[in-house]
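Okay, structure first, notes after.
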Amino acid sequence: MRVSTKKFGKIINDFSRTRRRVFPWRPPELRIKKDETAAEPYRVLVSEAMLQQTQVSRVCEKYEAFIKQFPNVRALANAPLSLVLRAWQGLGYNRRALHLQGAAREILRTHKGEIPRGREALETLPGIGPATACAIRAFAFNEPEIFIETNIRSVFIHFFFGPRPTGLGPVPLANVRDVELLPLIEKTLDRRNPREWYYALMDYGTMLKKQHKNPSRRSTSHVLQKQFKGSLRQARGAVVRAVLEHPHSLLELKKSLRLESDKVEQAVLGLTEEGFLKKANRKYVVGGE
DNA sequence: GGTGCAGAGTACC
DNA sequence: GGTACTATGCACC
């Protein structure tokens, strides 16, 4: 499909009027004035960390318990890593939990516990790159940022880069670059209420992917993932889970986890190097308290 | 039963 | 500037 930017705006806004999704990290109000902080920045920070490469449905299940256990920056910063990782189990990519707590500690130390509003200050925090910094600025502070996220990417490819080839025929070329999308995102952005506009785009994107094949396949940024089964990733996740239960020696981990022995050892060494694990009394425990 | 895919960031080359 | 790496479960083919 190819549409005018004006018509595009109407389609997205009309959709949002009836299909806007409500989440615990989103403010319920539909109309919020600029500069008004209706979404608590800490809640946005936690949600964005969880939502990096993890489906919304799964984040929903874990989010409220996490917030209840760590209701603010100070609580998260001062918590033992083991508790943070336990609360994180099921979300995947434990490294993000490590980063999120690192960010909380840095925010407490450098910004008096207040989530910084500046883009540069945000990007300095561990686990927060360009996209998440912009998302936090848009969602927590309603700042008119220009950024790309997987649903946004799908929506713009769908509307502005022709129809997706249907059914049989050659595999569609992955030739849409993000730099081609950015001017369109900038042009169509609702600067009066960026937060709701981006909510609407993302809500539309998820709807789109239920009806069509993922338009983001045509992005040069789209990558197919390696198989999880038998991967080091799988071993790392299993090791963290086991050590959270109780201390294990390397041999115990190798025996109890039904995974390739070399992978388990590699996982333990890597996780120790990264600060997940430490050795105490010849056994591995979760480190970084 | 196998595959694609989540509101990406970091490390390393 | 590209590339590989990082969990987990579920919807969909």
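Only a predicted model underlies this, so the values are computations on that prediction, with no experimental measurement involved. Here is how names work: the chains are called A, B, and so on, in the same order as the sequence lines, proteins then strands, and each is numbered from 1.
With distances taken from any side-chain atom of A:Arg241 to the nucleotides C:dC5, B:dG4, C:dT8, the minimum falls on C:dT8. The side chain of A:Asn214 approaches B:dA6 more closely than any other nucleotide in the set B:dG9, B:dA6, B:dA8. Among the nucleotides C:dA7, B:dT10, B:dG7, the one closest to the side chain of A:Val56 is B:dG7. For A:Gln52, the listed nucleotide lying nearest its side chain is B:dA8; candidates were B:dA8, C:dT8, B:dG7.
Counting non-hydrogen atoms under 4.0 angstrom, A:Ala131 reaches the backbone sugars and phosphates but no base. Residue contacts for A:Phe228: at a heavy-atom cut-off of 4.0 Å it reaches a base atom on one of the strands shown. At a threshold of 4.0 angstrom between heavy atoms, the contacts of A:Gln89 are confined to the sugar-phosphate backbone, with no base atom among them. Within 4.0 Å (heavy atoms only), A:Phe23 reaches at least one base atom of the nucleic acid. Counting non-hydrogen atoms under 4.0 angstrom, A:Ile152 reaches nothing in the nucleic acid. A:Arg96 comes within contact range of no nucleotide atom at all, as no heavy-atom separation falls under 4.0 Å. Residue contacts shown for A:Gly237 are limited to sugar-phosphate atoms, with no base heavy atom under 4.0 Å away. As judged by a 4.0 angstrom heavy-atom cut-off over every strand, A:Trp25 is placed among the base-contacting residues.
Remark: A:His222 is not in phosphate contact with B:dG4, judged by side-chain N or O atoms under 4.0 Å from OP1 or OP2. A sub-4.0 Å separation between OP1 or OP2 of C:dC5 and a side-chain N or O of A:Lys226 is present. OP1 or OP2 of B:dA6 sits under 4.0 Å from a side-chain N or O of A:Thr150. Contact check, A:Gln53 against C:dA7: no side-chain N or O comes under 4.0 Å of OP1 or OP2.
Within the 4.5 Å cutoff, the side chain of A:Tyr198 has heavy atoms near those of the A:Ile185 side chain. The side-chain heavy atoms of A:His158 and A:His212, taken from C-beta on, include a pair separated by under 4.5 Å.
Nearest-nucleotide mapping onto DNA chain B: of A:Ser57 and A:Gly127, the residue sitting toward the 5' end is A:Ser57. Looking at which nucleotide of DNA chain B each of A:Arg153 and A:Gln227 is closest to, the 5′-most match is held by A:Gln227.
The separation between A:Gln211 atom CD and C:dC13 atom P is 12 Å, rounded to whole Å. Computed from coordinates, the A:Tyr93 OH to B:dG7 C1' distance equals 14 Å when rounded to whole Å. Across the protein-nucleic acid pair, A:Lys209 atom NZ and B:dG7 atom P stand 7 Å apart, rounded to whole Å. Between A:Glu273 atom CD and B:dT10 atom P the separation is 18 Å, expressed in whole Å. For the pair A:Arg217 CZ and C:dC12 P, the interatomic distance rounds to 14 Å; values are reported in whole Å. Atom CD in A:Gln266 sits roughly 11 Å away from atom C1' in C:dC5 (whole-Å rounding). In this structure, A:Gln55 atom CD and B:dA8 atom C1' are separated by 14 Å, rounded to whole Å. Rounded to whole Å, the distance from CD on A:Gln225 to C1' on C:dG9 is 12 Å.
Few gaps surround CZ on A:Arg21; more than 12 heavy atoms of other groups in view lie less than 6.0 Å from it.
Taking the ring centroids of A:Phe156 and A:Phe8, they lie under the 6.0 Å cut-off. Aromatic ring centroids of A:Tyr284 and A:Phe276 lie 6.0 Å or more apart.
A cation-pi arrangement is found for A:Arg26 relative to A:Tyr199, the charged atom lying closer than 6.0 Å to the ring centre and inside a 45° cone about the ring normal.
Distance noted for atom C1' between B:dC5 and C:dA7: 13 Å (whole Å).
Between A:Gly275 and A:Leu81, the closest heavy-atom pair is O-CD2, 3.7 Å.
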